[in-house]
Number of protein chains: 2
Amino acid sequence: MTKVDFAIGEAARQSGVKVPTIRYYEQIGLLPAASRTEGNRRLYDRRDLDRLAFIRHARELGFEVEAIRTLLTLQDNPDQSCAAADAIAKARLAEVERRIASLNALREELKRMVKQCASGKIGDCRVIETLADTTHAHGRLAEA
Amino acid sequence: MTKVDFAIGEAARQSGVKVPTIRYYEQIGLLPAASRTEGNRRLYDRRDLDRLAFIRHARELGFEVEAIRTLLTLQDNPDQSCAAADAIAKARLAEVERRIASLNALREELKRMVKQCASGKIGDCRVIETLADTTHAHGRLAEA
DNA sequence: CTACATCCTCTAGCGACTAGAGGAGCAAGA
DNA sequence: TCTTGCTCCTCTAGTCGCTAGAGGATGTAG
């Protein structure tokens, strides 16, 4: 086996994860501590790149770091049941669907606001009026 | 005019904004510094409650604090054009629509993952495999 | 007078990074 | 060999919008 190693910058380029983020992942134990050169620079091999790609993809799908930590542990133990992985993915799916529903409601209200704005004076502005409208139930805050 | 004042706890109950959050809003200048009793307790009147409700509603719609600061300034100057308010609302709408599109894509991928999972061993798990799949372009990370 | 609720200020923590300071290592050209 | 300029190192602090907790003052009901 030819052991091919990369510097952190090259690993970042290949994986699409930024250099400081890679160091951060090492710090929080998502990535094993990289081996080092004599000059104290981190070295990465293909397995590390695979792991980074895994993490990046999972982050893109919105999995939290703790969920990814579990998924990585599962990946490292291929003989276990994948029920746990399935549960994590299902929970994430449910979360995404809740977010979509919530954002669709926001979208409708924003559309109404914007549509009714006559772009005149603030005093008559529907955007401001809608926000000032106190006839709203106390709901939960929408993230992002 | 009977000037009716509330303690912070009552203001929180009426506005649906938590006590520490009200203090936080004062600290960052979103709310004017409340008047105080002799015993140094904050006092709120109806105008403050209106302002709090405005902020809460705007936060529910996902406006950032800086945007709300601008919207509040606009509200305080009813003679200005509401073009700025309109622009802020439109930007937020566009953002929400981008998020929805992005979440819909995530939803599809998660659904595929979950559907293909045979709930057997990790070694054959589609969830893990999908995440490990390196044939992905480098896209942007999805928040939340 | 004694509980107890509510209030005060201040500091630190959350998640997942990101930015910047201040310095060391390293490869290539003059 | 020297120097330029890039990459790398560690460490600390900042981002956003709160939230939690410590430690103490004030207010109110029985």
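Lettering follows sequence order; numbering is per chain, from 1.
The OH atom of Tyr24(A) sits 11 Å away from the C1' atom of dT18(C) (whole-angstrom rounding). In this structure, Phe63(B) atom CZ and dC16(D) atom P are separated by 18 Å, rounded to whole Å. Atom CD in Glu38(A) sits roughly 16 Å away from atom C1' in dC8(D) (whole-Å rounding). In this entry the distance linking CZ of Arg42(B) with P of dT26(D) reads 15 Å, nearest Å. Across the protein-nucleic acid pair, Glu66(B) atom CD and dG17(D) atom C1' stand 12 Å apart, rounded to whole Å. Remark: P of dA24(C) and CZ of Arg36(A) are 16 Å apart, rounded to the nearest angstrom. Rounded to a whole Å, the CD1 atom of Ile68(A) is 8 Å from the P atom of dA16(C).
Salt bridge annotation for Glu66(B)-Arg69(B): present, with a cationic side-chain nitrogen under 4.0 angstrom from a carboxylate oxygen. Ion pairing between a basic and an acidic side chain is recognised when a charged N comes within 4.0 Å of a carboxylate O; Lys115(B) and Asp86(A) show no such pairing.
The salt bridge (charged side-chain N to carboxylate O under 4.0 Å, His left out) check on Glu64(B) picks up nothing, with sequence neighbours excluded.
At a threshold of 4.0 angstrom between heavy atoms, the contacts of Arg23(B) include nucleobase atoms, whether or not backbone atoms are also involved.
Here dC9(D) is the nucleotide among dT9(C), dC9(D), dC18(D) with the atom lying nearest to any side-chain atom of Arg41(A).
The minimum heavy-atom distance linking Val127(B) with Cys117(B) is given by the pair CG2-CB, 4.2 Å.
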